[in-house]
Amino acid sequence: MTSPTTTPPCWCPAPRRRARDQRQHARPGHPRVPGTPDQLAVVRDTDDPKVLASAADEMLRYLTVVHNGQRRLALEDLEIGGRSIRAGEGVVMPGATGNWQAGVFPEPERLDVRRDARRHMAFGFGIHQCLGQPLARLELQVVYHTVFRRIPALRRATDLDTIPFKDDGIVYGVYELPVTW
């Protein structure tokens, strides 16, 4: 059995490292994300509740904010992704990595607010799903649509590289986001 102070022999990529990579290369509104202004226009200009629902789910998938992992012990010898895991060894499975699987979400690095992203893992999975997810989805649908329609010129007031990101805990985000219009 693996002790709590050692790294399990098989584990998924570190969620915080992925979060830093995501921040540096794939933030909506960042010049390196092609098509983002078009994506914003879809959300701002639509009155279709289905499009708003898809956009909210895609943003949850793309910007998954909870980056903790489920820790489990293997009950029997098995192989995952070409790695052997022996019975009793530990495995860490960050849920956010499921949101970036090309077999589930084609071109996962691309933000597509019309994508059917309902199967994202931002709220957990199975019996461990967040009970508040219907309310959170509704809030996002209303907020994204309302804010960008009422303030169409809303934009970041500073460069992405100067925004203080919160990646020192379970929930990922920004400490502050200066905006202008």
Side-chain angles (χ1 to χ4, degrees), residues 15-68 94-102 104-126 128-181:
R16 288 191 178 111
R17 184 180 69 226
R18 192 194 62 76
R20 281 191 298 275
D21 293 345
Q22 185 184 40
R23 175 177 71 217
Q24 293 168 355
H25 302 293
R27 282 288 173 214
H30 194 273
R32 289 178 282 207
V33 181
T36 303
D38 295 341
Q39 301 294 304
L40 176 59
V42 168
V43 174
R44 182 190 60 230
D45 299 339
T46 190
D47 285 320
D48 185 347
K50 291 180 182 177
V51 172
L52 293 171
S54 292
D57 277 323
E58 174 66 353
M59 293 297 286
L60 287 163
R61 180 201 69 83
Y62 191 78
L63 298 170
T64 304
V65 298
V66 177
H67 291 171
N68 62 344
T97 59
N99 291 335
W100 290 78
Q101 298 299 313
V104 179
F105 303 105
E107 297 181 77
E109 70 286 347
R110 184 175 61 88
L111 177 69
D112 179 3
V113 297
R114 294 184 183 270
R115 177 195 316 259
D116 178 9
R118 184 90 177 161
R119 297 182 344 187
H120 63 77
M121 309 270 302
F123 294 118
F125 182 77
H128 299 287
Q129 285 189 41
C130 173
L131 293 174
Q133 65 181 298
L135 177 60
R137 280 188 168 104
L138 180 61
E139 289 173 338
L140 290 173
Q141 292 167 28
V142 170
V143 166
Y144 287 147
H145 182 65
T146 304
V147 167
F148 292 121
R149 184 167 277 190
R150 289 187 182 172
I151 312 171
L154 184 69
R155 65 189 184 281
R156 282 192 325 257
T158 186
D159 290 331
L160 182 67
D161 297 334
T162 64
I163 296 171
F165 279 84
K166 181 182 189 304
D167 59 4
D168 56 354
I170 293 174
V171 178
Y172 177 74
V174 295
Y175 285 107
E176 59 185 50
L177 179 61
V179 297
T180 189
W181 58 90

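Values below: all heavy atoms of this structure, side chains included; hydrogens, waters and symmetry mates excluded.
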Handout entry: Cation-aromatic face contact R61/W100, 6.0 Å, 45 degrees
Key = yes
Handout entry: Spatial distance of atom CG (N99) from atom OH (Y62) [nearest 0.5 Å]
Key = 12.5 Å
Exercise for the section: Of all the heavy-atom pairs spanning F165 and Y175, show the shortest one and how long it is. Expected result: O-CE1, 3.6 Å
Completion exercise
side chain to side chain donor-acceptor pair (under 3.5 Å) test vs E58 passes for just one of R110, R115, R114, Q39, namely R115
Completion exercise
By ring pair (Phe, Tyr, Trp, His ring centres under 6.0 Å), H145 pairs with (sequence neighbours left out) none
Problem - Nearest non-hydrogen partners of A122 and L60, listed with the distance - result: CB-O, 3.6 Å
Problem - Sidechain-backbone polar pair: R44 side chain, R149 backbone, donor-acceptor under 3.5 Å - result: no
Handout entry: Spacing of Y144 atom OH and L52 atom CG [to the nearest 0.5 Å]
Key = 11.5 Å
Fill in the blank from the handout: In short, V43 meets A55 closest at the heavy-atom pair CG2-CB, 3.6 Å
Handout entry: I151 side, atom CD1; T146 side, atom OG1 - distance, nearest 0.5 Å
Key = 10.5 Å
Handout entry: Interatomic spacing from CZ in F125 to CZ in R119 - rounded to 0.5 Å
Key = 9.5 Å
Handout entry: F105 to D116 - nearest heavy-atom pair and separation
Key = CE2-O, 4.1 Å
Exercise for the section: Run through V179, T180, I163 and flag the one making a side chain to side chain contact (heavy atoms under 4.5 Å, CB included) with T158. Expected result: I163
Handout entry: Nearest heavy atoms of R156 and L177, plus distance in Å
Key = CG-CD1, 4.0 Å
Practice task
Mark yes or no for whether Q101, through its side chain, and G98, through its backbone, hold a donor-acceptor pair below 3.5 Å.
Solution key: no
Handout entry: Backbone N/O of A153 and side chain of R155: donor-acceptor pair under 3.5 Å
Key = yes
Handout entry: Within residues 133-144 or reaching into it, pairs that qualify as salt bridge (Lys or Arg N to Asp or Glu O under 4.0 Å) - sequence neighbours excluded
Key = D57-R137
Completion exercise
To the nearest 0.5 Å, atom CD of Q141 lies from atom NZ of K50 at 12.5 Å
